[in-house]
Chemist: 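Here you go, one structure.
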Amino acid sequence: MEANLAIQEVKNKVIEHLLSQGQLPSDMQAACLKAISELGLEVHFKNVIHQTQKRGTEMGTTTSTQGTNSVLPAGIPLPYSPTEPFDFMRAAQLRWWQQVSTRLSVLATTNNAALATPRAATTYSSAIASLVEAPLKRTMFVYDPTDLAEQLTKLANPNFVPEGLALRQECSGRAHARRWWGRIQVQFRVKSTSELRVQFAALESRFPQIGVEDQFVSGLGPDTSFVDARYARAQQVLSSHDSAAAQAFCCQGCPTALRADIWAAALCDQEDWEACASHYDRLQEAVTRHELLIDKLLLIEIKNLCDYDDNYFVFYTTIRDIMLALTRDTRVAAACGVHRVRAATSGGEASVVDYPPGGLIPFRGCAFYAAPICFLAADPPRAYELLRQMYTRYFSLLHTITSHTQGLPRLCRLFESLLHTHQPHLCRHLQAISCDHLAVVVPWLVQAFAGFLEPLQVMLLWDRIVGFDSLEPLAVLAAAIFAFRKQKLLACASGADALRVLGDLRGLMVVPLLQHCLFPRPDSQ
């Protein structure tokens, strides 16, 4: 929608410019190109086309749920995502949203509270105070990554027989099959190592990287000349106002001081920060007018985050404010194409609404999407705009059951495929000791490693997500961590021991691990 409006705006300006000349030219195409140049709209138009092309790919595909919502009674979720092509996945989505809806209802019943109520508060600060003063009597998260992992293991395509499936008939008449070692049994098409090497060629060690050269060079300390050159190049990219150039720049990492600006140039359709601030104010007004049951869940999640991780406690207020705004933003639900729960509200006239307006039902770990962004932008409206863009383009796929090529099920399958290809002995050992690898991998993926890695390493990883416009670096990193801890994992005698080995990722460096997984040196194992 935003891209369409931007294109229409360019069209209107070009038409006005041509009409002002008093006579329409014979060669309209050449005249339009000349008008775009004379109006100084080349870069703006190029950015609009770039963003539209990105949204035209599967990463940005959205479909309106209007019409389907209207025929459903209160409290019943949509049967499936309208963009989902597979029947078995639609059935899985229905089961999942029935579970989410049921847990929301139980939470409301046990606390004797409505899902949404008008608020008597007149200011935003008083609205927040009312949330803190009246906490939930009984708290529980609607779901967490463990619940998602359980659902993923239940996925099965009844219409597919794996190629090369070896069946043998024993005397008892029972058929035995040699099954895929992993927990994801659906045969999703995922990229091979060769394909990933082509896609992520900019990660090769022959290309200097923020996250390597700025940390150390042959034990002599950081390469200051590279850092200075990278900073100067970032300033050139920003001065060009070229969205495609900003995205490509992220592939090799962004200087810390300019990361927010580079991400904004790569992600945002426009740099009208006054409009962004005005929209953020309206979202805060929405928080003031109505109290949602999930508001209190969100505050609990953010408090747990800040208590658990000392890196983020200073950002408590900013994380709280931008996450509350995200739940009120209908643009988020529209951009993600999510199917929201239909819920009845209390107070005044009875009504049925899409709940929550932004489509995000808080779950354990969701606040980690906002926490690292607070390092980049001190201004809440700008931090919110970065969060909104990152969530709608990428993070929303990490807690959704979908066959999307960048969705959580396929990322898990890609992880299992990479590990089986490069570390078959480790796979057999994990299987032998009954190690549920998804129990540790799914939380990594769902939170995009935020909360598990140091904040700087998280941002270096997210640089590559933005640069390559892909979530696949998450699966590659997960496989690289297993390979890096291979010897300790092989020494484990039980699945619980293996999970403990993988429990602490502090101190790991993202970029060298990605490089070693995709482009190992000939002498490395």
Chemist: Can you see which heavy atom on Leu203 is nearest to which on Cys251, and at what distance?
Modeler: CD2-O, 4.2 Å

Chemist: I'd like to know whether Glu195 forms a salt bridge (charged side-chain N to carboxylate O under 4.0 Å, His left out) with Arg189, so could you lay out the CA-CA distance, the side-chain angles of the two residues, the decisive distance to 0.1 Å, and finally the verdict.
Modeler: CA-CA 12 Å; Glu195 291 172 317; Arg189 166 72 172 90; 2.8 Å; yes

Chemist: Below 4.5 Å, heavy atoms only, C-beta onward: do Asp87 and Asn159 meet side chain to side chain?
Modeler: no

Chemist: Can you check side chain to side chain contact (heavy atoms under 4.5 Å, CB included) on Leu419 and Cys427, steps first, answer last?
Modeler: CA-CA 7 Å; Leu419 199 63; Cys427 291; 3.8 Å; yes

Chemist: Look at the side chain of Glu416 and the backbone N and O of Arg183, then say whether any donor-acceptor pair between them is shorter than 3.5 Å.
Modeler: yes

Chemist: Inspect the contact between Arg485 and Asp504 and indicate whether a charged nitrogen and a carboxylate oxygen are less than 4.0 angstrom apart.
Modeler: no

Chemist: Identify the heavy atoms of Arg259 and Leu460 that sit nearest to each other, and give their distance.
Modeler: NH2-CD2, 3.6 Å

Chemist: Strictly distance-based, threshold 3.5 Å: is any side-chain N or O of Gln252 a donor or acceptor partner for the main-chain N or O of Ala202?
Modeler: no

Chemist: Below 30° counts as parallel, above 60° as perpendicular, anything between as tilted: where do the rings of Tyr369 and Tyr391 land?
Modeler: tilted

Chemist: For salt bridge (charged side-chain N to carboxylate O under 4.0 Å, His left out), just list the numbers for Asp497 and Lys488, CA-CA rounded to whole Å, side-chain angles, deciding distance to a tenth of an Å, and then say yes or no.
Modeler: CA-CA 10 Å; Asp497 292 339; Lys488 291 183 178 180; over 6 Å; no

Chemist: Just by distance, do the side chain of Arg90 and the backbone of Glu84 share a donor-acceptor pair under 3.5 Å?
Modeler: yes

Chemist: Rounded to the nearest 0.5 Å, how far apart are CG of Leu299 and CZ of Arg320?
Modeler: 7.0 Å

Chemist: Please test Leu398 against Leu411 for side chain to side chain contact (heavy atoms under 4.5 Å, CB included), starting from the C-alpha separation and ending with a verdict.
Modeler: CA-CA 9 Å; Leu398 297 178; Leu411 292 180; 3.6 Å; yes

Chemist: When rounded to the nearest 0.5 angstrom, what is the spacing between CG in Leu426 and NE2 in His437?
Modeler: 10.5 Å

Chemist: Does Arg382 pair with Asp261 as a salt bridge, N-O distance under 4.0 Å?
Modeler: yes

Chemist: Quick check, are the ring centers of Phe200 and Phe519 under 6.0 angstrom apart?
Modeler: no

Chemist: Can Arg230 be said to sit on top of Phe249's aromatic six-ring, NZ or CZ under 6.0 Å from centre and within 45° of the ring axis?
Modeler: yes

Chemist: Leu490 versus His425: any side-chain heavy-atom pair under 4.5 Å?
Modeler: yes

Chemist: Heavy-atom count around Phe207 CZ within 6.0 Å, excluding the residue itself: above 12?
Modeler: yes

Chemist: Mind telling me whether Phe368 and Tyr308 have parallel, tilted or perpendicular rings, with 30° and 60° as the class edges?
Modeler: perpendicular

Chemist: Do His516 and Phe484 have side-chain heavy atoms sitting under 4.5 Å apart?
Modeler: no

Chemist: Mind checking the CZ-CG spacing from Arg393 to Leu267? Nearest 0.5 Å is all I need.
Modeler: 5.5 Å

Chemist: Is any side-chain heavy atom of Asp307 closer than 4.5 Å to one of Phe313?
Modeler: no

Chemist: For Ser192 and Arg197: C-alpha separation, side-chain torsions, deciding distance, then whether side chain to side chain contact (heavy atoms under 4.5 Å, CB included) applies.
Modeler: CA-CA 9 Å; Ser192 65; Arg197 286 171 180 165; over 6 Å; no

Chemist: Kindly say whether Gly407 contributes a backbone atom to a donor-acceptor pair with the side chain of Thr402 at under 3.5 angstrom?
Modeler: no

Chemist: Measure across Ala156 and Phe88 and return the closest heavy-atom pair with its distance rounded to 0.1 Å.
Modeler: O-CD1, 3.4 Å

Chemist: Looking at Phe452, is its backbone amide N or carbonyl O close enough to the side chain of Gln447 to form a donor-acceptor pair, meaning the two atoms are under 3.5 Å apart?
Modeler: no

Chemist: Please round to the nearest 0.5 Å and tell me the distance separating atom CD of Gln247 and atom CG of Asp469.
Modeler: 5.0 Å

Chemist: Do Glu301 and Met323 come close enough that some side-chain heavy atom pair is under 4.5 Å?
Modeler: no

Chemist: Under a 3.5 Å distance rule, please check whether His404 uses its side chain to pair with a backbone N or O of Leu397 as donor and acceptor.
Modeler: no

Chemist: Nearest heavy-atom pair of Leu445 and Cys412: which atoms, and what distance?
Modeler: CD1-SG, 3.8 Å

Chemist: In Å, rounded to the nearest 0.5 Å, how long is the span from CG of Leu196 to CG of Leu418?
Modeler: 6.0 Å

Chemist: Is there side-chain contact between Val212 and Gln515, with heavy atoms separated by less than 4.5 Å?
Modeler: yes

Chemist: Is any side-chain heavy atom of Arg410 closer than 4.5 Å to a side-chain heavy atom of Glu472?
Modeler: no

Chemist: Quick check against the 3.5 Å criterion: does Gln93 have a side-chain atom that pairs as donor or acceptor with the backbone of Ile401?
Modeler: yes

Chemist: Does the gap between the ring centers of Trp444 and Phe415 come in under 6.0 Å?
Modeler: no

Chemist: Is the Trp96-Tyr143 ring centre distance short of 6.0 angstrom?
Modeler: yes

Chemist: When rounded to the nearest 0.5 angstrom, what is the spacing between SG in Cys492 and CG in Leu499?
Modeler: 9.0 Å

Chemist: If every non-hydrogen atom of Glu204 is compared with every non-hydrogen atom of Gln209, which pair is closest and at what distance?
Modeler: O-NE2, 3.8 Å

Chemist: Side chain of Glu454, backbone of Gly451: donor and acceptor closer than 3.5 Å?
Modeler: no

Chemist: Of Phe395, Tyr394, Phe375, which is the lone residue that meets ring-ring contact (aromatic ring centres under 6.0 Å, His included) with Trp462?
Modeler: Phe395

Chemist: Can you find a heavy atom in the side chain of Ile294 that is under 4.5 Å from one in the side chain of Pro362?
Modeler: yes

Chemist: Got a donor-acceptor contact below 3.5 angstrom from the Asp463 side chain to the Cys254 backbone?
Modeler: yes

Chemist: Going through the distances and angles, do Ile184 and Leu438 end up as a side chain to side chain contact (heavy atoms under 4.5 Å, CB included)?
Modeler: CA-CA 9 Å; Ile184 306 298; Leu438 287 189; 3.9 Å; yes

Chemist: May I ask you to decide if Asp144's main-chain N or O and Arg364's side chain share a donor-acceptor pair within less than 3.5 Å?
Modeler: no

Chemist: How close do Leu453 and Arg506 get, counting heavy atoms only, and between which atoms?
Modeler: O-NH1, 3.7 Å

